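Encoded as structure tokens, the structure appears first; notes follow it.
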Amino acid sequence: MSSRATDKPSEAMEVEVKGEFDSLTEGKATILYDKGNKVFYNKVQEFNRDLSTAVINEFSKMRRTEIREKETAKAKRRAMREAKEKGIEASAVPEPTVDVPGMRILEALSATGLRSIRYWKEIEEGLLDEIVVNDLDSKAVEAITRNIKHNGISLDKLKPNHGDAIDVLYANRSEKGRGFDVVDLDPYGSAAMFLDGAVQAVADGGLLCVTCTDKAVLCGKNAETCYGKYQSMSIRAPYCHEFAVRIVLQAIEHSANRYKRHIIPLLSMSIDFYVRMFVRVKTSPLNVKSAASKMALVYQSLGCDAFYLQPLGKVDTTKKHPKYNQAIGPPCDRRCEFTGSRMKITGPIWAGPLHDKEFVKKLQNHVKANPKKYNTEKKMIGQLNVVETELENPLYYDNGCLTRLFRTNYRIVQLRSAILNAGYKVSQSHANGDAIKTDAPPKVIMDIMKQLVALKPDVGKAKRGPETPAGKMMAQEIEVKADFTLVPEATGVHAAFLPNPEENWGPKARAVGGGKRKFLTAAERAKQNQGFRKKKRDEHKKTEKKNEETDKGAG
């Protein structure tokens, strides 16, 4: 734990708290803000900040160990070479000692400095060297400086910076120097415009943390907008939340590939109204060659929940040297094999692993070893428990959607048990409590569903007409015999999906630079906007009538 002697609010700043500022405490950090203006603070993102603090803490320890081992090996080889030149025996060469500096962090879009202050005060002492706390808004930089001083932290350690995040990222490209060990991007909306600079500003093997809150676009609303931002077509589908994560990961990977770099996801999650990714960025031209094999298009049936992945590339490892080539496809017919409907093509998405399971275990141990350190501890443990057991197979089926498709009802444990008894794997997804994440092909899932319908044939029978998707599938022959014997592993992880702690739990309004702004809750905004369209129509009619009268007068 951090026990820095400077972590105390200064007396001068306490005077300001009693004057024109209110204070707010989260974790070990206390920030000041203009009275009545909480627009910069979003309580929903506390889980994000808690998780980020834990991730950076464990990553910093891991990275320092890697650097120490690498530098020690270099120093040992150098010492052995010098000893050989001087005729000294190898056994007489002492073991070299290497001093590893702390991590350098860039928070590119800080607003109040809350996140950076928490990092400095809550991450274990000795792991961090400095944090650059940047924002484009001069008023925000004043707030950052004020909050750093209020928390008793030296401005030599937490360095406020007034600048465009993109300029800061390009000015600190790792090829020009050391770069940042950690780059944290947490914008309001999409992080797409920052990715090109971010993958260059991260040191080789460093950590890139990315948040995107434009989840509506990532989940299928205005797919053309999604393509413009991330070069991927999104889709409204049962698996859209995981799809959103994989869209952003492929965008990060594509940005990194341009500079002979690639990503290794440590933890990638869909949370509430945003996605949050923690990825390592490494330089390796060889690994960039296999990037296409980690990308895939997705074929989605328009008549049912069946989907298929089409990799963009493949790697042949049967020979002495890997051979990289185009993948063979398509993975399905032009028409859905179950309903005869057309297939929609979406993506590309990242088809590789979302998480590093060993790193996830370190996170779990860290959270459990520090009880009550994080306010969102229960949610962190629950979500990490699901992530630990989550299969690496991309995307999933939604149990509720399958129920509606076949017009039936059953216990989710029956479906999971049948999949396991058929010899396939199944798990939950952190992105959806009702997810059926499996390596079973669509044919197996649909056959099991048909047999679940047969257990309760009268339920929804009237809605399964011969022309409906369910009716068409029920008429087809069953090839996979289902065994519904309950399996203990099918029960899933409990207490992983907690209810929202407050009403109207969601994103806040966009912050406006400079000046004061009254913050409205979601309910207040809804009331304020009542009749908005009618008012607009009335104003338009008045304008048209006025224009007509003006034209008549001129005539």
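All of these numbers come straight from a predicted model, not from anything done at the bench.
For the residue pair Ser23 and Thr30, no side-chain donor N or O sits within less than 3.5 Å of a side-chain acceptor on the partner. For Glu388 and Gln364, the side-chain atoms include at least one donor-acceptor pair closer than 3.5 Å. Checked by atom type, the side-chain pair Glu107/Asn134 shows no donor-acceptor distance below 3.5 Å. Looking only at atom types and distance, the side chain of Lys215 has a donor-acceptor partner in the side chain of His241 under 3.5 Å away. Side-chain contact annotation: His366 with Tyr374, donor-acceptor N/O pair under 3.5 Å present. For Tyr239 and Asn432, the side-chain atoms include no donor-acceptor pair closer than 3.5 Å. No side-chain N or O of Thr317 forms a donor-acceptor pair with one of Lys323 less than 3.5 Å apart. No donor-acceptor contact under 3.5 angstrom links the side chains of Ser110 and Asp135, judged on distance only. With hydrogens and angles left out, the side-chain atoms of Gln231 and His254 include no donor and acceptor closer than 3.5 Å. In this model, a donor atom of one side chain and an acceptor atom of the other lie less than 3.5 Å apart for Ser52 and Arg276.
Salt-bridge check for Glu130 with Arg104: passed, with a basic side-chain N closer than 4.0 Å to an acidic carboxylate O. Ion pairing between Glu142 and Arg146 fails under the 4.0 Å rule for side-chain N and carboxylate O. A salt bridge links Glu124 with Lys61: the distance from a Lys NZ or Arg NE/NH1/NH2 to an Asp or Glu carboxylate oxygen falls below 4.0 Å. Remark: Glu71 does not engage Arg77 in a salt bridge, criterion side-chain N to carboxylate O under 4.0 Å. Ion pairing between Glu26 and Arg118 holds under the 4.0 Å rule for side-chain N and carboxylate O. Between Arg68 and Asp99, no side-chain nitrogen of the basic residue sits less than 4.0 Å from a carboxylate oxygen of the acidic one, so the salt-bridge criterion is not met. Asp204 and Lys282 are not joined by a salt bridge, as no carboxylate oxygen comes within less than 4.0 angstrom of a charged side-chain nitrogen.
Side chain of Glu253 to main chain of Ile263: a donor-acceptor pair is present (N/O by atom type, distance under 3.5 Å, no hydrogens or angles). The backbone N or O of Pro353 lies less than 3.5 Å from no partner atom in the side chain of Glu392, so there is not a single donor-acceptor pair. In this structure a side-chain-to-backbone donor-acceptor pair under 3.5 Å is missing from Asn57 to Thr53.
In the displayed structure, Tyr227 atom OH is contacted under 6.0 Å by at most 12 heavy atoms of other residues, nucleotides or ligands. At most 12 heavy atoms of other shown residues, nucleotides or ligands fall within 6.0 angstrom of atom NZ in Lys425.
The two residues Ala143 and Ala111 have their closest heavy-atom pair at CB-O, 4.4 Å. Of all heavy-atom pairs between Val248 and Tyr230, the closest is CG2-CE2, 4.1 Å.
When Leu158, Ile56, Val133 are each tested for a side-chain contact (heavy atoms from CB on, under 4.5 Å) with Tyr119, only one passes: Ile56.
Annotation: cation-pi pair Lys379/Phe47 present, NZ/CZ under 6.0 Å from the ring centroid and within 45° of its normal.
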